[in-house]
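As structure tokens, the structure follows; a few thoughts come after it.
Note on naming: letters A, B, ... go to the chains in the order of the sequence lines (proteins, then strands), and numbering restarts at 1 for each one.
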Amino acid sequence: MPPKRAAASKRKLEEDSESEVDAATSKFASDASDSDAPSTSKPKAKKAKTTKAPKAAKPKPAKAAKPINDQPTNKTLPDEIQFPAKNEGCVRIATWNICGLAAAQKKGFKHYMEAEDADVLILTETKVNNDPVDPMLTNRYPHRYWSISDKKTYSGTAILSKIKPLSVDYTLPGHPDPKSIKGRIVTLEFESLYLIGTYVVNAGTGLKTLDAKNEWNKHFTTYIRDLDRKKPVIWGGDLNVAPTEIDLANPKTNWNKTPGYTEAETRAFAEILTPPEKEGAKPMIDTWRKMHPETRHYTYFSYRFNCREKGLGWRLDTCKFFIFVIWHSLILISLFLLVVGILLWWNMR
DNA sequence: TCTTTTAGATG
DNA sequence: CTGTATGCG
DNA sequence: CATCTAAAAGACCGCATACAG
């Protein structure tokens, strides 16, 4: 895959990521697509910025100039960002882990927001401590729902919408430690569907919080299936899991070692998408993967080790949705149209 | 993620 | 305001 | 004891905070 595109900036802050979905029909119907912000890099080698611990003072290779390739950096957004035009009557849903709203705004969050002009925007790792009142956000999105963690400047999930939801929920029902869930989930109920935005628990360095993540997965699975019995569900955000081996650059060396790609995490995720027979629940569709069955495309690049330039990334952020019998034909049709549109757009770039 | 250090197996 | 340190990812 | 190798340990980037001077 051509090096041309990459997610906007920040991902889990370690990175950035972003994905987008268009829902067809005026009321939030179906179908989706995903895309990322374009790139263009800034060859700026700004090195003397971090005040690093003194320590044994290491030589520091003075990395000069900087390789000029067309990869973006994690420190700034491209100056020019373009997205496919929105289809008339479609609702565009996008998600982006911004790793700090304040930092993202300094990097050019506004340019992304204007270029994408999503109708519904899911933001994760906002790290805000109060509901932002910036006109830049409030003018475009009259309806804003911020889930804020108890822990200062930690996690944080928000959904900004041009469409007024019927109801809003910030909880994960059944979870034994509700405080730990604050800042991680926002559910909006619309007339025809539910939209869930999540910043899923990170399994932690050395997998030290894998237990907490398993707890989340257990209750989230129940929750999403309960909602599914009532209305179609679209789920997006930082899902903090690389679903399969083609969703990260180095599957072998990371398997069961690095958070986001362990047996427990991938299995839990797979069971959300494809419930075991006995449960009788309906499957979900990984929309981006559905449209690009074999493409290796990542939404996150670690800040460390110049992973972005090297293309060493993970696909952790995306949107999924449930299929319902009633919606079946509509989804197939709109999905087909969307795929055609995306392919055309992709090839023309 | 990548490099260096340490521990451990082998002969 | 600068520097150092910690937590988190 | 010398040598190879596999596992463990650091260092690594960046955001945000707290605190010392």
Distance check needed: [N] [atom2] versus [X] [atom1], whole Å only.
| X | N | atom1 | atom2 | value |
| --- | --- | --- | --- | --- |
| A:Asn129 | D:dT17 | CG | C1' | 10 Å |
| A:Gln105 | D:dG14 | CD | C1' | 17 Å |
| A:Arg184 | C:dC8 | CZ | C1' | 11 Å |
| A:Leu123 | D:dC15 | CG | P | 17 Å |
| A:Leu207 | C:dC8 | CG | P | 16 Å |
| A:Tyr303 | C:dC8 | OH | C1' | 13 Å |
| A:Lys107 | D:dC15 | NZ | C1' | 8 Å |
| A:Ile98 | C:dC8 | CD1 | C1' | 16 Å |

For [N] and [X] - does any side-chain N or O of the residue sit under 4.0 Å from the phosphate oxygens OP1/OP2?
| X | N | value |
| --- | --- | --- |
| A:Lys208 | C:dC8 | no |
| A:Tyr154 | D:dT17 | no |
| A:Lys151 | C:dC8 | yes |

Subject >> Distance between P atoms of D:dA8 and C:dG9 (Å, rounded) >> reply: 23 Å

Subject >> Euclidean distance for C1', D:dA16 against B:dT1 (whole angstrom) >> reply: 24 Å

Subject >> With sequence neighbours excluded, residues passing side chain to side chain contact (heavy atoms under 4.5 Å, CB included) with A:Leu207 >> reply: A:Ala203, A:Leu210, A:Pro259, A:Thr262

Subject >> Listed partners of A:Lys106 passing side chain to side chain contact (heavy atoms under 4.5 Å, CB included), at least two apart >> reply: none

Original post:
Mind checking what makes ring-ring contact (aromatic ring centres under 6.0 Å, His included) contact with A:Tyr194, not counting sequence neighbours?
Top reply: none

**OP:** With the side chain of A:Lys127 defined as its heavy atoms from C-beta on, choose the nearest nucleotide among D:dC15, D:dT17, C:dG9.
**Re:** D:dC15

Original post:
Is a side-chain donor or acceptor of A:Thr157 paired with a backbone partner of A:Gly183 at a separation under 3.5 angstrom?
Top reply: yes

Original post:
Which residues satisfy the side chain to side chain donor-acceptor pair (under 3.5 Å) test with A:Lys218, sequence neighbours excluded?
Top reply: none

Original post:
When the ring planes of A:Phe220 and A:Trp235 are compared, do they come out parallel, tilted or perpendicular, using 30° and 60° as the limits?
Top reply: tilted

Between the protein and nucleotides 1-6 of chain B, list every N/O to N/O distance that falls short of 3.5 Å.
residue : atom : partner  : partner atom : Å
B:dT1   : OP1  : A:Asn254 : OD1          : 3.0
B:dT1   : OP1  : A:Asn254 : ND2          : 2.7
B:dT1   : OP2  : A:Trp314 : NE1          : 3.4

Original post:
Does any pair with a residue in residues 131-146 of chain A pass side chain to side chain donor-acceptor pair (under 3.5 Å), and if so which ones, sequence neighbours excluded?
Top reply: A:Gln105-A:Asp134, A:Asp117-A:Arg140

